[in-house]
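Values below: every heavy atom of this structure, side chains too, minus hydrogens, waters and symmetry copies. Letters go in sequence order (proteins before strands), and every chain restarts at 1.
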Amino acid sequence: MPELPEVETVVRDLLRAGVVGSTISGARNGWPRTLQGISLRTFRKRVVGARILDVQRRAKYIVIPLTSRQWLLIHLRMTGRLHIEGADQPVSSHERAALQFADGRELRFVDTRKFGRWRLVRDIDTVLGDLGPEPLAPGFTAKHLHKILQSRRRTLKPLLLDQHVIAGLGNIYVDEALWEAGIHPCRISSTLASADAQRLHSAIRTVLRRGIRSMGTSLGTGKGNFYSVAGRRGRNQDGLRVFRRHGEACPRCEATLERLVVGQRSTHICPTCQVMRKG
DNA sequence: GTCTATGTTTGCGG
DNA sequence: TCCGCAAACATAGA
């Protein structure tokens, strides 16, 4: 579901929809736990009258700075979706939270599985402070990645999924990146050579950029799939090389792709391109 | 109808 | 520190 490219797509769509500058006039909350650590009553008191200053992304968080020095942080988790709609449009039965704007539009959060969260904070670091580096940031170099990998002795895939280590990767893009780099997900991070780290670094950036360019990965058509603002589907599913393609031929060597479980996550590899060496 | 798996994150126990 | 497991939930598919 929403990993870095999907969240980036939502952020861009929100900016394109023109939410920046909107004044908040009210709020709804259909599922109390969605508004993490705050009652609707308090939430309303703090946001009504505030204006949206920007929409940004950090890791898989949507970061919305408001006037009055507050931040609204939205995490889509598995099934969260955001929509900008007129107040007169019918409300989904799965709507968990919404902001009403003075111009008659609303920012609506629809989340079937109810894992998504909205947080309203004055100090952004209480939520974002412990996240690892952004893999697409200019300062994130292959050398930097190699250092991270060397500093831990952990199975590679769970390490790459750990948001404290690198921020923004999820199951889909990790599998794609490891295939792209030709590295087995069960390798121990500290055993990767500098050349491995360089290939992995390049692969991570390649698959993330491709995901953003394709406006995200929307597998299937069910309620659990990724849709951006206005219900737009991504098309990165057509660009996936291995994820959920077990049984098909590897695009590089024609071997049959396999599915295995690593760190309790379904994992997709080419057994020929991604061999276990040391570790 | 039943059972299993699911893209995320957090927290617990070993 | 690290890992495995369960939970937070609803739905799709076998």
Side-chain angles (χ1 to χ4, degrees), chain A residues 1-10 30-37 57-62 73-82 92-97 109-119 126-132 148-179 185-191 207-208 211 214-228 233-237 239-247 259-268 279:
Chain A
M1 289 278 79
E3 306 178 29
L4 188 155
E6 288 72 31
V7 177
E8 181 67 28
T9 299
V10 171
W31 181 255
R33 301 181 65 149
T34 300
L35 292 189
Q36 194 170 340
R57 181 191 60 75
R58 171 75 173 104
K60 300 175 191 171
Y61 284 89
I62 295 161
L73 304 174
I74 299 178
H75 200 299
L76 305 174
R77 289 284 183 99
M78 295 183 72
T79 58
R81 299 178 192 172
L82 288 168
S92 162
S93 60
H94 292 120
E95 182 190 279
R96 310 305 180 194
F109 185 59
V110 175
D111 181 24
T112 51
R113 286 183 73 175
K114 301 175 176 173
F115 293 161
R117 293 291 179 261
W118 283 27
R119 298 196 56 171
T126 58
V127 180
L128 308 182
D130 293 328
L131 290 168
I148 289 172
L149 297 172
Q150 285 193 308
S151 69
R152 327 271 175 131
R153 196 165 285 104
R154 286 175 62 182
T155 307
L156 188 55
K157 174 162 174 173
L159 185 78
L160 294 174
L161 287 171
D162 188 335
Q163 303 298 298
H164 304 293
V165 177
I166 299 177
L169 292 171
N171 210 30
I172 296 173
Y173 293 95
V174 164
D175 280 6
E176 292 296 312
L178 287 170
W179 176 84
C186 294
R187 290 278 301 279
I188 299 301
S189 59
S190 55
T191 70
V207 300
L208 290 178
S214 305
M215 295 187 299
T217 301
S218 297
L219 291 156
T221 54
K223 299 194 173 179
N225 280 284
F226 170 70
Y227 288 83
S228 186
R233 287 168 60 80
R235 45 186 160 72
N236 194 239
Q237 56 277 11
L240 297 179
R241 308 296 200 260
V242 290
F243 191 80
R244 291 217 185 150
R245 292 197 184 279
H246 46 291
R259 175 187 178 278
L260 53 153
V261 174
V262 180
Q264 307 145 220
R265 308 299 303 276
S266 74
T267 299
H268 310 78

For atom [atom1] of [X] and atom [atom2] of [N], their distance in whole Å:
{"X": "A:Leu161", "N": "B:dG7", "atom1": "CG", "atom2": "C1'", "answer": "10 Å"}
{"X": "A:Arg233", "N": "B:dG7", "atom1": "CZ", "atom2": "P", "answer": "17 Å"}
{"X": "A:Gln264", "N": "B:dT10", "atom1": "CD", "atom2": "P", "answer": "16 Å"}
{"X": "A:Asp111", "N": "B:dG7", "atom1": "CG", "atom2": "P", "answer": "17 Å"}
{"X": "A:Trp118", "N": "B:dT9", "atom1": "CH2", "atom2": "C1'", "answer": "19 Å"}
{"X": "A:Lys114", "N": "B:dT8", "atom1": "NZ", "atom2": "P", "answer": "21 Å"}
{"X": "A:Leu160", "N": "B:dG7", "atom1": "CG", "atom2": "P", "answer": "16 Å"}
{"X": "A:Arg77", "N": "B:dT9", "atom1": "CZ", "atom2": "P", "answer": "7 Å"}

For [X] and [N], is the shortest distance between a side-chain N/O and OP1 or OP2 below 4.0 Å?
{"X": "A:Thr112", "N": "C:dC9", "answer": "no"}
{"X": "A:His94", "N": "C:dA10", "answer": "no"}
{"X": "A:Thr217", "N": "B:dG7", "answer": "no"}
{"X": "A:Arg153", "N": "C:dC2", "answer": "no"}
{"X": "A:Gln163", "N": "B:dT8", "answer": "no"}
{"X": "A:Arg265", "N": "B:dT8", "answer": "yes"}
{"X": "A:Arg33", "N": "B:dT9", "answer": "no"}

From C-beta outward on [X], which listed nucleotide comes closest to its side chain: [options]?
{"X": "A:Phe243", "options": "B:dG7, C:dC9, B:dT8", "result": "B:dG7"}
{"X": "A:Arg244", "options": "B:dT9, B:dG7, C:dC9", "result": "B:dG7"}
{"X": "A:Arg154", "options": "B:dT9, B:dG7, C:dC2", "result": "C:dC2"}

Please report the closest heavy-atom contact between [X] and [Y], naming both atoms and the distance.
{"X": "A:Val262", "Y": "A:Cys186", "answer": "CG2-SG, 3.7 Å"}
{"X": "A:Glu176", "Y": "A:Val242", "answer": "OE2-N, 2.9 Å"}
{"X": "A:Gly234", "Y": "A:Ser218", "answer": "N-OG, 2.9 Å"}
{"X": "A:Arg81", "Y": "A:Leu76", "answer": "N-CD2, 4.3 Å"}

When the [atom1] atoms of [N] and [M] are considered, how many whole Å apart are they?
{"N": "C:dC9", "M": "B:dG1", "atom1": "P", "answer": "23 Å"}
{"N": "B:dT2", "M": "C:dA8", "atom1": "C1'", "answer": "22 Å"}
{"N": "C:dA14", "M": "B:dG7", "atom1": "P", "answer": "16 Å"}

request  = Classify the angle between the aromatic ring planes of A:Phe109 and A:Trp118 as parallel (below 30°), tilted (30 to 60°) or perpendicular (above 60°).
outcome  = tilted

message = Applying a 4.0 Å non-hydrogen cut-off, can you work out what A:Thr155 is touching in the nucleic acid: base, sugar-phosphate, or nothing?
response = sugar-phosphate

task = Indicate, with a heavy-atom threshold strictly under 4.0 Å, whether A:Glu3 touches base, sugar-phosphate, or nothing.
result = sugar-phosphate

request  = Mark this stacking check for A:Phe115 against C:dA8 as yes or no, applying ring centres under 5.5 Å and ring planes under 30°.
outcome  = yes

query = Considering the options A:Asp111, A:Leu35, A:Val110, which one meets the side chain to side chain contact (heavy atoms under 4.5 Å, CB included) requirement together with A:Arg96?
reply = A:Asp111

request  = Could you tell me whether the side chain of A:Gln163 and the main chain of A:Gly132 form a donor-acceptor pair under 3.5 Å?
outcome  = no

message = With hydrogens left out and only the distance checked, is there a donor-acceptor pair under 3.5 Å joining A:Arg113's side chain and the base of C:dT11?
response = no

task = Could you say whether A:Ser266 or A:Tyr61 is positioned toward the 5' end of DNA chain B, judged by the nucleotide with the nearest heavy atom to each?
result = A:Ser266

key: Interatomic distance, A:Thr9 atom OG1 to A:Arg57 atom CZ [nearest 0.5 angstrom]   = 10.0 Å

note = residues 155-170 of chain A vs salt bridge (Lys or Arg N to Asp or Glu O under 4.0 Å), sequence neighbours excluded, gives A:Arg154-A:Asp162, A:Lys157-A:Asp175

query = What dot-bracket string describes DNA chain C from 5' to 3', counting Watson-Crick and G-U wobble pairs whose defining distances are under 3.5 Å, with [ ] for crossing pairs and | for pairs to another strand?
reply = .|||||||.|||||

